[in-house]
There are 2 protein chains.
Amino acid sequence: MPTIRDVARLAGVSMMTVSRVVNQRPQVSPGTRERVLAAMAELDYQVDLTAQQLRSGSSGTVALIVPRLDHAYFGQLGAIAADAVIDRGRHLVVEQSSASQEGELAALSLARLHQYDGAILSVVGLGNAEVNRIRDSLPVVLLGEKEVPARFDHVMMGNVSGARLATEHLLDRGARHVMIVGGRHGEPTDGMQSARTAGWVEAHQSRGVEVDPRLLLELEFIDTGVTRRTVARAVEQDPTIDAMFCVTDEVAIGALAGLADAGRRVPEDVRVVGFDNLRLGAHIGPGLTTIDPGNEWIITEAIRLLEARMSPSPPTAAEHLIAPVQLVERGSSR
Amino acid sequence: MPTIRDVARLAGVSMMTVSRVVNQRPQVSPGTRERVLAAMAELDYQVDLTAQQLRSGSSGTVALIVPRLDHAYFGQLGAIAADAVIDRGRHLVVEQSSASQEGELAALSLARLHQYDGAILSVVGLGNAEVNRIRDSLPVVLLGEKEVPARFDHVMMGNVSGARLATEHLLDRGARHVMIVGGRHGEPTDGMQSARTAGWVEAHQSRGVEVDPRLLLELEFIDTGVTRRTVARAVEQDPTIDAMFCVTDEVAIGALAGLADAGRRVPEDVRVVGFDNLRLGAHIGPGLTTIDPGNEWIITEAIRLLEARMSPSPPTAAEHLIAPVQLVERGSSR
DNA sequence: GTGAAAGCGCTAACAG
DNA sequence: CTGTTAGCGCTTTCAC
């Protein structure tokens with residue numbers, strides 16, 4: 001591989017001049033620039049970004065760390081983020097944190113994170129202890145539905161309001177036995193499932209309907225197949241169920257399948273609403289009514305916060321943002 | 001940030017000794033190792049991977065470059081690859097190549113690629129001219145359904161055999177008017193759609209059924225919504241269609257929706273088979289029959305080839321592999 | 001507008 | 001088992 005020194009020799013200039021041309025600095029005369037560019041082309045020169053980064057301290061790269069690459073939701077997040085980061089003149093790389101046995105922490109090795117100018121971290125399954133290990137040495141914005149230490153910037157979905165919106169929609173449609181599929185007891189700050197369960201409860205209160213605790217359906221884990229089996233069993237045991245709020249769209253797809261297995265029609269017998277607004281939802285069964293969590297908004301804000309932290313200006317107080325949600329009405333709840 | 005020099009000073013040893021401890025080299029006495037580890041903990045030392053890489057020439061990182069992060073297929077690929085790479089003692093980062101206006105080439109900036117020990121490149125939409133710009137300076141394995149220059153290692157799906165298998169399955173079930181949804185004329189080496197169309201033709205020949213060229217349904221582009229509209233129109237115009245081979249599962253999901261829109265039942269009126277074996281397929285409608293392209297096999301082989309290229313041993317001739325496919329039979333074709 | 005010197009943090013190669 | 005020397009490829013700083 002040719003180095004900047006080879007280019008300098010060939011062009012008859014100093015390494016510094018080549019460096020200036022490579023980095024598009026203005027203080028180079030047109031003639032010199034031409035000769036340097038010619039030499040670069042001649043040698044097929046490529047900058048060594050590693051050396052550049054070691055010396056200059058910046059890599060031009062931002063990382064997005066997600067738990068799983070094969071969950072549709074994180075894929076959408078990654079695609080949006082990649083475009084947004086490019087528009088800001090940097091590049092995005094995505095890493096999967098829960099890879100293999102080593103688990104979340106391995107990918108979070110601070111050493112690796114330090115290779116980037118900044119990082120957007122999706123903190124599902126990460127304890128505060130782990131998150132706290134991130135020193136203030138690196139600009140970081142947190143994503144995710146759990147409470148995080150106050151000193152970090154944090155963007156989350158409108159879990160409570162979204163779940164409430166979805167459940168109110170079902171109650172307003174006349175449903176009186178709205179099951180929450182994938183619900184979980186606990187504080188709304190514990191995570192996605194607890195927060196959405198809180199919204200489900202709130203909706204009942206706002207509409208003056210009693211909450212039936214037997215309608216909280218826990219799932220062994222969040223998975224389409226698991227949901228399918230669990231839901232089919234549930235509706236066979238309790239034929240009065242007339243609606244389901246599913247904590248995610250993937251769960252809702254499992255619920256639709258389970259309801260079909262049990263011979264229930266959607267929306268005639270049971271209405272269904274999901275959460276995430278996956279693209280696919282529009283084309284599944286009668287069309288999946290869902291909550292749009294505002295992913296574009298989330299990424300836009302996360303990157304805005306990250307840019308602020310990466311800028312040389314004095315660091316401001318951490319922000320904690322909640323994205324605005326929207327109901328997307330389709331056939332499964334009509 | 002503390003450096004190796006700070007640790008060395010605190011532990012009362014040379015930088016080299018600290019380096020040996022950090023890199024788990026055996027030739028350090030237990031006592032010294034203890035003191036160094038203590039000093040590292042005390043200072044909360046983290047290696048600078050950039051400097052390490054500049055000096056040692058290796059980053060311990062492999063890149064996977066995919067066109068879109070939000071296509072379920074590439075998400076699954078990424079997840080499998082991340083696990084496989086970790087098991088080999090390295091890390092994986094995923095980049096999206098078709099980000100924003102700049103397009104494929106930007107992410108392929110050779111300079112960026114050189115930061116990695118090796119790269120797995122999904123070459124959808126990449127011309128041979130672009131691929132050829134990759135010098136032999138970096139271990140690279142190509143993925144994708146188009147023909148590539150012979151000097152590159154290349155792993156691809158069994159497009160022709162898979163499409164043939166799917167179509168034969170439909171013909172054997174008694175279908176006589178098997179439409180290919182998302183088909184395209186051209187050489188089988190042109191890309192995914194042409195290759196699968198070739199398999200569709202082969203199946204007709206092997207079963208002695210005439211190919212009706214009007215049953216080749218082109219799509220404006222590969223998208224669930226586009227497919228839905230196009231398929232609904234097609235079956236209204238030609239009521240004799242009794243089966244569909246869809247070039248991908250995402251297309252198949254659109255076809256299922258379009259068939260429902262047009263009042264056709266699956267599988268009673270029209271049988272449907274997809275291609276990709278997305279997890280979701282099992283739970284959509286009657287269950288989507290599909291071709292499993294052997295993603296695990298593809299990634300396993302790609303990484304094996306990459307490891308071989310990354311090893312110091314002499315480079316062997318490039319390999320061009322085709323993954324074995326399998327029919328996954330579900331309700332949509334019964 | 002251009003160049004020389006110095007060094008980012010680390011490790012290969014060689015001594016001992 | 002431990003240390004010294006040199007330098008990876010680049011850019012910062014300062015000089016001209």
Legend entry - Leading and trailing nucleotides of DNA chain C with any atom under 4.0 Å from heavy atoms of chain B: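 Both ends considered, the range comes out as dG9(C) to dA13(C).
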Inset, instruction - With side-chain contact (heavy atoms from CB on, under 4.5 Å) as the test, would you mind laying out the steps for D276(B) and M157(B) before giving the verdict? - result: CA-CA 10 Å; D276(B) 274 351; M157(B) 297 188 205; 4.3 Å; yes
For [X] and [N], what is the distance between atoms [atom1] and [atom2] respectively, to the nearest whole Å?
X      : N       : atom1 : atom2 : answer
M15(A) : dT11(D) : CE    : P     : 9 Å
D6(A)  : dC10(D) : CG    : C1'   : 13 Å
M40(A) : dC10(D) : CE    : C1'   : 14 Å

Inset, instruction - Five pairs at each end of the helix from dG1(C)-dC16(D) to dG16(C)-dC1(D): take the axis at both ends and give me the angle between them to 10°. - result: 30°
Legend entry - Nucleic acid contacts - residues 47-60 of chain A versus DNA chain C, non-hydrogen atoms under 4.0 Å: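 When residues 47-60 of chain A is checked for heavy atoms under 4.0 Å from DNA chain C, the hits, listed by number, are L54(A), R55(A).
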Inset, instruction - Kindly indicate, with the supporting measurements, whether the criterion side-chain contact (heavy atoms from CB on, under 4.5 Å) is fulfilled by V22(B) and M40(B). - result: CA-CA 9 Å; V22(B) 168; M40(B) 283 170 48; 4.0 Å; yes
Inset, instruction - Using only side-chain N and O atoms of Y45(A), determine if any of them is under 4.0 Å from OP1 or OP2 of dC10(D). - result: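 Yes, within the criterion.
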Legend entry - Beyond-backbone contact of W297(B) with L321(B), side-chain heavy atoms, under 4.5 angstrom: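 In contact.
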Legend entry - Student check: side-chain heavy atoms of L10(A) and Y45(A) closer than 4.5 Å: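 SC-SC contact between L10(A) and Y45(A) ruled out.
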Does [X] use its side chain to pair, donor to acceptor, with the backbone of [Y] at less than 3.5 Å?
X       : Y       : answer
S97(A)  : V66(A)  : yes
Q53(A)  : Q115(A) : yes
T300(A) : E296(A) : yes
D87(A)  : A84(A)  : no
D117(B) : V62(B)  : no

Inset, instruction - Mind running a 4.0 Å heavy-atom check of residues 19-31 of chain A against DNA chain D and sending the residues that fall below it, in number order? - result: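 Contacting residues: S19(A), N23(A), R25(A).
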Inset, instruction - Report the residues that fulfil side-chain contact (heavy atoms from CB on, under 4.5 Å) with S56(B), sequence neighbours left out, ordered by chain and then residue number. - result: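 side-chain contact (heavy atoms from CB on, under 4.5 Å) list for S56(B), sorted by chain: S58(B).
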Legend entry - salt bridge (charged side-chain N to carboxylate O under 4.0 Å, His left out): pairs with one or both residues in residues 70-82 of chain B, sequence neighbours excluded: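 Those involving residues 70-82 of chain B are R68(B)-D70(B).
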Inset, instruction - Take R88(B) and M310(B) through the side-chain contact (heavy atoms from CB on, under 4.5 Å) test and state the conclusion after the steps. - result: CA-CA 12 Å; R88(B) 302 282 200 130; M310(B) 292 189 299; over 6 Å; no
Inset, instruction - Tell me which of R35(B) and M16(A) sits closer to the 5' end of DNA chain D, going by the nucleotide each one is nearest to. - result: R35(B)
Legend entry - Lys/Arg-Asp/Glu bridge criterion (N-O < 4.0 Å) met for E301(B), R304(B): yes
